[in-house]
Structures are given as structure tokens and as C-alpha cells.
Amino acid sequence: MSFARGIRLSSFTGFTRMVLTNNCSQSSYKGIRFYSSDHENESYEAFTERYVKFFDGVDDQFELKRGLNNCFAYDLVPAPSVIEASLRAARRVNDFSTAVRIFEGIKQKVENSNQYNQYLEELKPIKDELGIMTKEELGF
């Protein structure tokens, strides 16, 4: 029992190698994680297509919120087509509050108010069609 070795695979962290050495005078642990070794860089167009397709298939609130969480976690502002698909999904599952929160998420992701106003202008037809208002339009 002077040392033990183990290998563990985890779907969240990639490949993890652990070497555990246990001597009377010394204990050490060495772990190596490869987070992005098997991932390719995804283009903005592929990202947009993936999330439009995802939101087109959403049938419940949990999936909608999970998709929005994942979509807004990236270091980019989703394309208007992704926002349109998510607004249609929110309407389909009858979740008005999430639709309003989508606009709040856009407001947080853009760099300045001019960009936010451009998103609002581009999404105005879908807002009117679905009867969705922003937090500001609701008076908050």
C-alpha cells in the first residue's frame, strides 16, 4: 500500500488523470484536466443555426429556460434570428415572463444602449405579432 493509481472519466470535465501516492512521510495528489482538448471552435453561423433549431423544437418551459441559459452563457450576443426563435418558443409554451426576460438578457449582453435599440427595432415586428413588451414598456 505504498501508492495507489486511479483513472477517472468525467463527462463534465473531460479526461482527468489522478495519481495518488501515499507514503508514511509523504502524500501527494496530481490531477490533470483537459477541458477543451476535444472541442472545435464553432462559427457564429453554426451557433445561430444550432440555437434556432433548438428553440424551434422547444415544447416546455424547462427546455426553454435551459436553452436560454446555455445560449446567453456564451461570450457573444445571439443573432436576431435566435432571439426570434426563442420568443416564438416562449409564446408557444405560454410563458410571457420569460419572453420579457429575453429582452433583459439582450440588454445585459450588448455593449451600449444604441445596440439594444437596434435589436428592439429589428425585433419590433415579432414583438407586435406576439404581443410581447419589454420591461420598460411595462413601466418597470
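Atoms CG and CG, from Leu123 and Leu130 in turn, are 10.5 Å apart once rounded to the nearest 0.5 Å. Once rounded to the nearest 0.5 Å, the distance linking CD1 of Ile106 with CD1 of Ile83 reads 4.0 Å.
Annotation: side-chain hydrogen bond (donor to acceptor under 3.5 Å, both in side chains) contacts of Asn117 (sequence neighbours excluded): none. Scored by the salt bridge (charged side-chain N to carboxylate O under 4.0 Å, His left out) test, Lys53 finds no partners at all (sequence neighbours excluded). With sequence neighbours excluded, the residues forming a side-chain contact (heavy atoms from CB on, under 4.5 Å) with Glu136 are Lys107, Tyr116, Thr134, listed by chain and number. Not counting sequence neighbours, Gln115 has no partner by the side-chain hydrogen bond (donor to acceptor under 3.5 Å, both in side chains) test. Under the side-chain contact (heavy atoms from CB on, under 4.5 Å) criterion, Ser113 pairs with no residue at all, not counting sequence neighbours. Partners of Arg88 by salt bridge (charged side-chain N to carboxylate O under 4.0 Å, His left out), not counting sequence neighbours, listed by chain and number: Glu84, Glu129. Taking Glu122 as the reference, Pro80 meet the side-chain contact (heavy atoms from CB on, under 4.5 Å) condition, with sequence neighbours excluded. Residues passing the side-chain contact (heavy atoms from CB on, under 4.5 Å) test with Val52, sequence neighbours excluded: Thr48, Asp56, Ser81, Val82, Ala85. Not counting sequence neighbours, Lys65 has no partner by the salt bridge (charged side-chain N to carboxylate O under 4.0 Å, His left out) test. Here Lys135 pairs with Glu104 under the salt bridge (charged side-chain N to carboxylate O under 4.0 Å, His left out) rule; sequence neighbours left out.
For residues 57-86, the pairs satisfying ring pair (Phe, Tyr, Trp, His ring centres under 6.0 Å) are Phe47-Tyr74, with sequence neighbours left out. Listed by first then second residue, pairs satisfying ring pair (Phe, Tyr, Trp, His ring centres under 6.0 Å) with a partner in residues 77-99 number zero, not counting sequence neighbours.
Taking a 6.0 Å sphere around CD of Glu49, one finds it holds 12 or fewer heavy atoms contributed by other residues, nucleotides or ligands. Within a 6.0 Å radius of CZ in Arg91, other residues, nucleotides and ligands contribute 12 heavy atoms or fewer.
The backbone N or O of Ala79 lies less than 3.5 Å from no partner atom in the side chain of Tyr51, so there is not a single donor-acceptor pair.
Taking the centre and axis of the six-membered ring of Tyr119, the NZ or CZ atom of Lys109 falls outside the cone set by 45° and 6.0 Å.
Between Lys124 and Glu121 there is no salt bridge, since no side-chain nitrogen of the basic residue lies less than 4.0 Å from a carboxylate oxygen of the acidic one.
Looking only at atom types and distance, the side chain of Asp95 has a donor-acceptor partner in the side chain of Ser97 under 3.5 Å away.
When all heavy atoms of Asn94 and Gln61 are compared, the pair lying nearest together is O-NE2, 4.3 Å. Looking at every heavy atom in both residues, Ala90 comes nearest to Leu64 through CA-CD2, 3.5 Å. Taking both residues in full, the closest heavy atoms of Met133 and Val100 are given as O-CG2, 3.3 Å, listed atom of the first, atom of the second, then distance.
Phe55 is not listed as a side-chain neighbour of Leu87, based on a closest heavy-atom distance of 4.5 Å or more.
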